[in-house]
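Residue numbers start from 1 in every chain, and the chains themselves are labelled A, B, ... in the order their sequence lines are given, proteins ahead of strands.
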Amino acid sequence: ETGVTQSPTHLIKTRGQQVTLRCSSQSGHNTVSWYQQALGQGPQFIFQYYREEENGRGNFPPRFSGLQFPNYSSELNVNALELDDSALYLCASSLGQGGRADTQYFGPGTRLTVL
Amino acid sequence: AQSVTQLGSHVSVSEGALVLLRCNYSSSVPPYLFWYVQYPNQGLQLLLKYTSAATLVKGINGFEAEFKKSETSFHLTKPSAHMSDAAEYFCAVSVRDMRFGAGTRLTVKP
C-alpha cells in the first residue's frame, strides 16, 4: 500500500511568484486536506477536498486555492507569494467524507521558502 | 470554539523514565482527539486517537493516552522513554478539520 506522497520536497520562490504543490493520496483515500506548518508551530488547516469538491476551508486568503483530480490526487496553488508563506506544507489523505473521526494520513511535506 | 492547548513546549526526560506530555482540549461537542508525532524533516505520524469508545487508548510504540472529560484532558504517556522517542508531538482535536496544538518537543537524555 502506497502512502501519501508530495512533490517537490523543497522549493525556493521569490515574493510575488506563484507556486503549485502536488499530493498523491494513499491508495483508496478519497479526501485530501492541506495544512501549513510554520516553523515552530503546529499545522494549520488550509482546506479539504472530497471527491473533487472543496469540503471546508480554514482562515486563509483566496490566493490559496486547490484542486482534486478524479484519481484523488491534489494540488495546492498559492499566488502572489509573501514572505510569511514560507512554511512546510503538509497534505493528508483519509477515507470518508471528512468526518470528525476520520484518521488523516500525512505526507512528508513540501518545504517552501519565499525570498 | 474547538481547540487544544499543549502544556510545555519542551519536555526533557532520561532514557527509561516516564514520558508525560500534556494536552487539554476545548470542545462544544464530544471531541475526537488525536496524538501525532513528527520526526525532523518528516510529516506527521498517527500515534493514537480517541473516538468515544474506551477512555484509555493504546497506540503505537508503547504510547497511550487517557481521555478525562472532567479535566478536559488527553495526556500522552509512555512508561519508559527510549532515545528514538525524541521528536515533536502534537495533540489535535477534530472538528471537521484537524486543529493542532503548538507541539511539545521531547528530548531524551542518555
Side-chain angles (χ1 to χ4, degrees), chain A residues 3-10 21 23-26 29 31-50 54-60 64 66 87-113, chain B residues 1-10 21-25 27-54 57 59-60 65 67 74 76 87-106:
Chain A
V4 179
T5 60
Q6 294 185 242
S7 63
T9 306
H10 295 86
L21 309 181
C23 171
S24 291
S25 304
Q26 185 164 315
H29 287 187
T31 300
V32 172
S33 303
W34 284 91
Y35 294 85
Q36 181 194 67
Q37 186 179 18
L39 200 60
Q41 297 182 25
Q44 286 199 310
F45 175 69
I46 303 175
F47 44 58
Q48 182 183 81
Y49 280 82
Y50 169 66
E54 188 176 288
N55 191 37
R57 188 178 182 91
N59 190 28
F60 280 81
F64 285 78
L88 180 68
Y89 288 84
L90 296 165
C91 168
S93 73
S94 56
L95 179 61
Q97 300 182 29
R100 297 196 299 131
D102 293 347
T103 296
Q104 295 187 18
Y105 296 86
F106 284 79
T110 293
R111 173 75 61 186
L112 173 65
T113 301
Chain B
Q2 285 77 5
S3 65
V4 294
T5 301
Q6 291 185 242
L7 303 175
S9 58
H10 290 87
L21 305 182
R22 300 177 187 272
C23 173
N24 287 90
Y25 70 90
S27 179
S28 58
V29 297
Y32 291 99
L33 297 162
F34 299 75
W35 275 100
Y36 281 87
V37 61
Q38 186 176 34
Y39 297 99
N41 301 313
Q42 295 187 28
L44 277 67
Q45 180 183 8
L46 179 69
L47 283 175
L48 50 82
K49 73 176 185 180
Y50 168 76
T51 57
S52 75
V57 182
I60 62 171
F67 173 72
F74 190 56
L76 181 71
E88 189 88 18
Y89 291 80
F90 292 95
C91 181
V93 60
S94 179
V95 180
R96 182 170 193 151
D97 51 285
M98 197 82 73
R99 299 189 184 178
F100 289 84
T104 297
R105 182 169 300 278
L106 176 66

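Between chain B and the options A/Pro43, A/Gly109, A/Gly56, A/Ala92, the largest number of non-hydrogen pairs under 4.5 Å is found for A/Pro43.
For B/Tyr36, the part sitting under 4.5 Å from any heavy atom of chain A is the side chain, from C-beta outward, and nothing else. Heavy atoms of A/Gln41 lying under 4.5 Å from chain B belong exclusively to its backbone. Residue B/Gln45: no heavy atom, backbone or side chain, is found under 4.5 Å from chain A.
Taking CD of A/Gln104 as the start and CG of B/Leu46 as the end, the distance is 10.0 Å to the nearest 0.5 Å. Note that CD of A/Gln37 and CG of B/Leu44 are 6.0 Å apart. Values are rounded to the nearest 0.5 Å.
Between B/Met98 and A/Tyr35, the shortest heavy-atom contact is CB-OH, 3.1 Å. Residue A/Thr103 comes nearest to B/Lys49 through the heavy atom pair OG1-NZ, 2.6 Å, listed as atom of the first residue, atom of the second, then distance.
Heavy atoms of other residues, nucleotides or ligands lying less than 6.0 angstrom from CZ of B/Arg22 number 12 at most. Other residues, nucleotides and ligands contribute only 12 or fewer heavy atoms inside 6.0 Å of the CG atom of A/Leu39.
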Checklist entry - Checking side chain to side chain contact (heavy atoms under 4.5 Å, CB included) for the pair A/Phe45/B/Phe100: CA distance, chi angles, key distance, verdict? => result CA-CA 9 Å; A/Phe45 175 69; B/Phe100 289 84; over 6 Å; no
Checklist entry - Can you check side chain to side chain contact (heavy atoms under 4.5 Å, CB included) on B/Gln42 and A/Leu88, steps first, answer last? => result CA-CA 10 Å; B/Gln42 295 187 28; A/Leu88 180 68; over 6 Å; no
